[in-house]
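Heads up: the structure comes next, in structure tokens.
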Amino acid sequence: MENRIVLFSNIKGGVGKTTLCALFASYLAENGIPVIAIDADLQASLYRHRQREQDVAVGVQAPWNVDLLDTTDSKQLKKVMTQLKKVPGVVLIDCPGNLNDRNLEYIYKSADTAVIPISFDPDTVDATGIFIKALKSISEAQLVFMPNRIITSERKSEELRQRAQTTELLGLVGTVTPTIKQSVTVKRYTTLYPLEKAQLDIVKPAFNKIMEIIK
Ligand SMILES: Nc1ncnc2c1ncn2[C@@H]1O[C@H](COP(=O)(O)OP(=O)(O)OP(=O)(O)O)[C@@H](O)[C@H]1O
Ligand SMILES: [Mg+2]
């Protein structure tokens, strides 16, 4: 497969970048697509998650690799991004939220697709708007919005109206995937084992949409 650089990014924290990046990596691997994950976040959540799992699952073969990416050294970062562009298959990058770091431009510029997890609360919608503007000024990446942690119980009509309006607006600048609901099944992700049936049921429509886009 051709190289594809796919970011999981949003200036807003806690929207599900790391969780969805890990689940999508497993999903691609299970579908026979070569994939590596790059943890570019200083928190190194994805990398540490994998390490914790491997500490207790000694000898278990990981379905995909996770590498840390140091974003502080601009020369080195530029070099690594050039190398990542040559990797056959999909390179998923779990990005930091921070937009002030000029070095991150190297990552944004080399991206083919940016998956942007969102929720529909006004704070996240506003922050995402700021992020889109900044991203579009430096990158030609296709934007894919992924509504995540969506509570499926009955909503007030005003809230539903706002959701529809936000979805419509985001649809003008990118693709909006089917929603991923708030669920402990999604929260309890693993980076070593296949997705559980219950996880698949929740993420499959959204993940198939990204697959279609990056094909
Ligand atoms: N669909 C979901 N259902 C339930 N919990 C979720 C879901 N997606 C993410 N979470 C939880 O939300 C929290 C934030 O998720 P995550 O760490 O993936 O977000 P993030 O955008 O990477 O955060 P950060 O900005 O800190 O890097 C975590 O506790 C995670 O377990
Ligand atoms: Mg994260």
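Each ligand, and each atom within it, is numbered from 1 in the order the structure gives.
- The distance criterion of under 3.5 Å between nitrogen or oxygen atoms is met by Val15 with respect to ligand 1.
- Here Val186 has side-chain heavy atoms under 4.0 Å from ligand 1, and that is the only part of it that gets that close.
- Residues Asn10 and Thr128 have side chains that bring a donor and an acceptor to within less than 3.5 angstrom of each other.
- Those atoms of ligand 1 with a heavy atom of Gly13 less than 4.0 angstrom away are 25 (O).
- Shown here for Leu46 and Asp94, the closest heavy-atom pair between the two residues is CB-OD2, 4.1 Å.
- Between Lys85 and Asp112 there is a salt bridge, with a side-chain nitrogen of the basic residue lying less than 4.0 Å from a carboxylate oxygen of the acidic one.
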Original post:
Between Arg50 and Asp67, is a salt bridge (charged side-chain N to carboxylate O under 4.0 Å, His left out) present by the stated rule, with each step listed?
Top reply: CA-CA 10 Å; Arg50 164 62 63 76; Asp67 286 324; over 6 Å; no
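- For a threshold of 3.5 Å applied to N or O pairs, the pair formed by Arg149 and ligand 1 contains at least one separation below that value.
- Those atoms of ligand 1 that come under 4.0 Å of a heavy atom in Gln43, given as number and element, are 24 (P), 26 (O), 27 (O).
- Distances from atom 18 (O) of ligand 1 to the heavy atoms of Thr19, Leu42, Ile150 show the closest one on Thr19.
- Of the charged side-chain nitrogens involved, none lies within less than 4.0 Å of a carboxylate oxygen, so that Arg48 and Asp39 do not count as a salt-bridged pair.
- Residue contacts with ligand 1 for Asn10 are absent, since no atom lies close enough (heavy atoms, distance under 4.0 Å).
- Looking only at heavy atoms of the protein, atom 19 (O) of ligand 1 is closest to Gly16 N, 3.0 Å.
- Nearest protein neighbour of atom 20 (P) of ligand 1, counting heavy atoms only, is Lys17 N, 3.5 Å.
- Looking at atom 31 (O) of ligand 1, its nearest protein heavy atom turns out to be Lys187 CG, 2.9 Å.
- On a distance-only criterion, Asn148 and ligand 1 share at least one N/O pair closer than 3.5 Å.
- Under the 4.5 Å side-chain heavy-atom criterion for ILVMFWY residues, a single connected hydrophobic cluster contains both Leu135 and Leu69.
- Contacts between Lys181 and ligand 1, counted as non-hydrogen atom pairs separated by less than 4.0 Å, involve the backbone only.
- A pairwise comparison of heavy atoms in Tyr189 and Thr19 identifies CD2-CG2, 3.7 Å as the closest pair.
- Close contacts of ligand 1 with Ser183, meaning ligand atoms under 4.0 Å from a residue heavy atom, involve 2 (C), 3 (N), 4 (C).
- In terms of heavy-atom proximity, Thr71 sits nearest to Leu104 at CG2-CD2, 3.8 Å.
- A side-chain donor from one of Glu53 and Thr190 sits under 3.5 Å from a side-chain acceptor of the other.
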**OP:** Run the numbers on Asn208 and Tyr27 for side chain to side chain contact (heavy atoms under 4.5 Å, CB included), then give the verdict.
**Re:** CA-CA 9 Å; Asn208 281 347; Tyr27 189 72; 2.4 Å; yes
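- Looking at Leu20 next to ligand 1, no N or O pair under 3.5 Å apart turns up.
- Contacts between Asp41 and ligand 1, counted as non-hydrogen atom pairs separated by less than 4.0 Å, involve the side chain only.
- Donor-acceptor pairing under 3.5 Å is lacking for the side chains of Arg149 and Ser119.
- Ranking the protein heavy atoms by distance from atom 14 (C) of ligand 1 puts Gly14 O, 3.6 Å first.
- Considering backbone and side-chain atoms together, Asp94 places no N or O closer than 3.5 Å to any N or O of ligand 1.
- Residue Thr18 counts as close to the Mg ion (ligand 2), with an N, O or S atom under 2.8 Å.
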